Number of protein chains: 2
Amino acid sequence: MSLTISDIAKLAGVSRATVSGVLNNSPTVSERTKTRVLAIIEKHNYRPNAIARALALKQTGVIGLLVKDISNPLYSQIAMGVEELCVDNNYSVIMGNTNTLPERELSKINLLKRRQVDGLILLPVQKGVDLGHLWELHKENYPFVLLAEVPGIQADLVRADDEKGAFEAVDHLINLGRRRIGYICGPETAMASDRRLEGYRRALIENNLVPGKDLVIPCGWRLEHGYEAGLRLRESDNPIPDALFCYNDSVALGLIRALTEGQIDVPDDVAVVGFDDAPTSGFLETALTTVAQPAHLIGYRAAQVLLDRIHAKNNSSPFQSIFLETHLVVRESCGANRKGTVSHQLNPKPDHDLIKTNREDQF
Amino acid sequence: MSLTISDIAKLAGVSRATVSGVLNNSPTVSERTKTRVLAIIEKHNYRPNAIARALALKQTGVIGLLVKDISNPLYSQIAMGVEELCVDNNYSVIMGNTNTLPERELSKINLLKRRQVDGLILLPVQKGVDLGHLWELHKENYPFVLLAEVPGIQADLVRADDEKGAFEAVDHLINLGRRRIGYICGPETAMASDRRLEGYRRALIENNLVPGKDLVIPCGWRLEHGYEAGLRLRESDNPIPDALFCYNDSVALGLIRALTEGQIDVPDDVAVVGFDDAPTSGFLETALTTVAQPAHLIGYRAAQVLLDRIHAKNNSSPFQSIFLETHLVVRESCGANRKGTVSHQLNPKPDHDLIKTNREDQF
DNA sequence: TTATAAATTTAAACCGGTTCAATTTCTTTA
DNA sequence: TAAAGAAATTGAACCGGTTTAAATTTATAA
């Protein structure tokens, strides 16, 4: 159907090798023939077949991105960050959702490998799960970067500094005078939840508060989970905490809904802080105080690290761990601002060149 | 590095053609050799190179999906629907965001064509824009399906029935006793906004109300746009309408925020209805009444139509237009339910097999 | 046992690019 | 003007699969 390099060669009266030279502007082809061939390419609107090129070059210019659930705004923003760097470098990205199922993760990784993607960015299913396939990637020296730690796997890693973000949020609550502060946990499999718990604990301890076991409330990551946690709190015999730090904004939202349904006022009765800074969080009737993750930047940096590794001649360079700064967005739900003022602080537009990484560990 | 078909052939003591036969289980290869070769493939964990296969077969098993902005939950859900059908059929999807920029749409389509994707699902930039590239796709007989009409382009189309959805929403408001009902428009380039406006108008007219020009308020599609529209309403000399039907949930959210900041109560002073049923909408302090789009199903069906067209021997079958039913999710923001009851109706899990399309036009 | 038909297997061409050693053409210099 | 050297071009092999006509093996019938 469409033209091939042979067609162009014939039309230009040169060999395929020469056309190839023109396409990859090799210095050995003369200006004269270059312009002539280019004119013919232009005239017939010839575009080289990327599949054939990939086969010859043994690289596709495609990377794979596997997340748990692209409909989570955090992950979709990460995906956009990944894409942005990729388009700048003429890479394409094949996307997939694992739905937090290890077997899906496995099968999708295998499919991507069959498709010869040049590298992988993975938000892996974590903890308590067979990770043979990740170990295999490592053994095969397949380039990949993780968006969350996986115990026992050494690889490049890019994520937010959860512990510090959590610390700052809880510290802020304490400075506002809150004392009985609870943590609404994320899913048990998420290491990010553990780290946020650590930050929460550290903030309490450094402020001479006791991190009581009863204040750590198991939950999940979705709106419904937060809602149910709120119902449980309402029905609990224990007095309700005066502040709740939540695993993420979805949980916070569901929680607030359940609390206010039960006539418990946010923030007067209980302050609530989320995590992620979802797009809607600043526009809620009670705008949500939250820890903003640089989601777009996480994706951008992850892609950067991946492409670096793909292009590295010696792919023996040490693995990087990049922890990006979060920042606390103070709004109404923690009681700092008076309700009823224009206070939805928007996400600052990320400026990649200016942002410094927190620390870069080396293994 | 990894094994090729030749390696396997050598190991099994057969020709490459035979191994190929085994892989594609051709009936001509005998059971005996098939099991023998299979054992060797298994033993060495050989997986055929999809790129080489794609080159030989002239089909990649990859489709492209281009949306405006994957971080919009509507589009990410559509993307998940697309993906679901694709994994079932061993297709992969390359995703891209156009950011509503025609030039990005053009360049990404071209890149995808170079990558020899078997087909395209497009949420195109619409209205008032050069559409030469879409016209070209059509001319080249490249399989693609649209998620929104493009004037002058004939192609398969899958989308929600906006007009009817809008009609039902506004009709419901009228039945609740609201009379001065406004429409907060989407972006000017979106045909969906036009159709929702039509549904809004029809509902007014069929209920003997006059669709006043001053009640149609230009806006956009994002939270900020809705917020600004709310500010403008507050500052306007005209009396505030007693109900507002919004282009989407984001706009509704921003709007509600602006209204309540100005001590205008939702729903007592003004009822608000959104569109899309974003995940958070049911968990807001004032849960949002909204028109749910079957986003997942839209993606699923679009992928179905596309793969059908890809596999059609004669790709001269008539174009389909599939309009999927929306459904009105009544919550608190329109004043029907008493505030403070558990009323967040969740998205029903889509059941693809049961859902019937609204109508299927043929060209 | 042999001729013939049926079932298997294989060699070779092909998909559309890239690469590099070998060849041809162009410059330079003696 | 011829020889040497530099610049440009090209033929052929290769990437890792699929396909098909031809060759080989096996089965069946005479």
Side-chain angles (χ1 to χ4, degrees), chain A residues 1-38 40-41 44-62 90 92 110-118, chain B residues 1-38 40-41 44-62 90 92 110-118:
Chain A
M1 189 56 238
S2 60
L3 295 179
T4 72
I5 199 171
S6 304
D7 299 323
I8 298 298
K10 210 163 295 171
L11 286 165
V14 296
S15 72
R16 302 188 312 150
T18 301
V19 178
S20 178
V22 171
L23 290 172
N24 302 287
N25 58 327
S26 131
T28 70
V29 18
S30 72
E31 279 310 315
R32 233 168 48 80
T33 52
K34 182 181 287 186
T35 52
R36 189 157 49 87
V37 171
L38 240 24
I40 289 178
I41 285 175
H44 294 83
N45 193 32
Y46 162 74
R47 297 284 172 258
N49 180 323
I51 295 296
R53 187 160 204 273
L55 181 61
L57 252 34
K58 290 168 172 293
Q59 54 164 315
T60 52
V62 179
N90 273 304
S92 294
N110 281 335
L111 180 56
L112 290 169
K113 280 161 70 178
R114 274 221 295 287
R115 292 209 186 286
Q116 310 290 118
V117 297
D118 295 338
Chain B
M1 188 56 239
S2 60
L3 294 180
T4 73
I5 200 171
S6 304
D7 299 323
I8 298 299
K10 210 163 295 169
L11 287 164
V14 296
S15 71
R16 303 188 311 151
T18 301
V19 179
S20 178
V22 171
L23 289 173
N24 302 287
N25 58 326
S26 131
T28 70
V29 20
S30 71
E31 280 308 316
R32 233 168 48 79
T33 52
K34 181 182 286 188
T35 51
R36 189 157 49 87
V37 171
L38 240 24
I40 289 178
I41 284 175
H44 294 82
N45 193 32
Y46 162 74
R47 297 283 173 258
N49 180 323
I51 295 297
R53 186 160 206 273
L55 182 59
L57 252 33
K58 289 167 172 295
Q59 55 165 315
T60 53
V62 179
N90 273 304
S92 294
N110 281 335
L111 180 55
L112 290 169
K113 280 162 71 178
R114 274 221 295 288
R115 293 208 186 287
Q116 311 290 119
V117 298
D118 295 338

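Because the structure is a prediction, the values reported are computed rather than measured. By convention in this document, chain letters (A, B, ...) are assigned in the order of the sequence lines, proteins followed by strands, and residues within each chain are numbered from 1.
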Looking at [N], I'd like to know if its phosphate oxygens (OP1 or OP2) sit under 4.0 Å from a side-chain N or O belonging to [X].
X	N	answer
A:K34	D:dA8	no
B:K58	D:dT18	no
A:T28	D:dT9	no
A:Y46	C:dG17	yes

From C-beta outward on [X], which listed nucleotide comes closest to its side chain: [options]?
X	options	value
B:A52	D:dG16, C:dG16, D:dT18	D:dG16
A:I5	C:dG17, D:dT10, C:dT9	C:dG17
A:P48	D:dG17, C:dG17, D:dC15	C:dG17
B:L55	D:dA8, C:dT18, D:dG16	D:dG16

A:R47 atom CZ is separated from C:dG16 atom P, nearest whole Å, by 17 Å
So which heavy atom on [X] is nearest to which on [Y], and how close?
X	Y	result
A:I40	A:L11	CD1-O, 3.7 Å
A:N24	A:R53	OD1-NH2, 2.6 Å
A:T60	A:R115	CG2-O, 3.9 Å

Which residues in residues 15-25 of chain B have a heavy atom closer than 4.0 Å to any atom of DNA chain C? B:S15, B:R16, B:A17, B:T18
Rounded to 10°, tell me the angle between the two end axes of the helix from C:dT1-D:dA30 to C:dA30-D:dT1, each built from five pairs. 60°
For B:K34, does the NZ atom sit with more than 12 other heavy atoms under 6.0 Å from it, leaving out its own atoms? yes
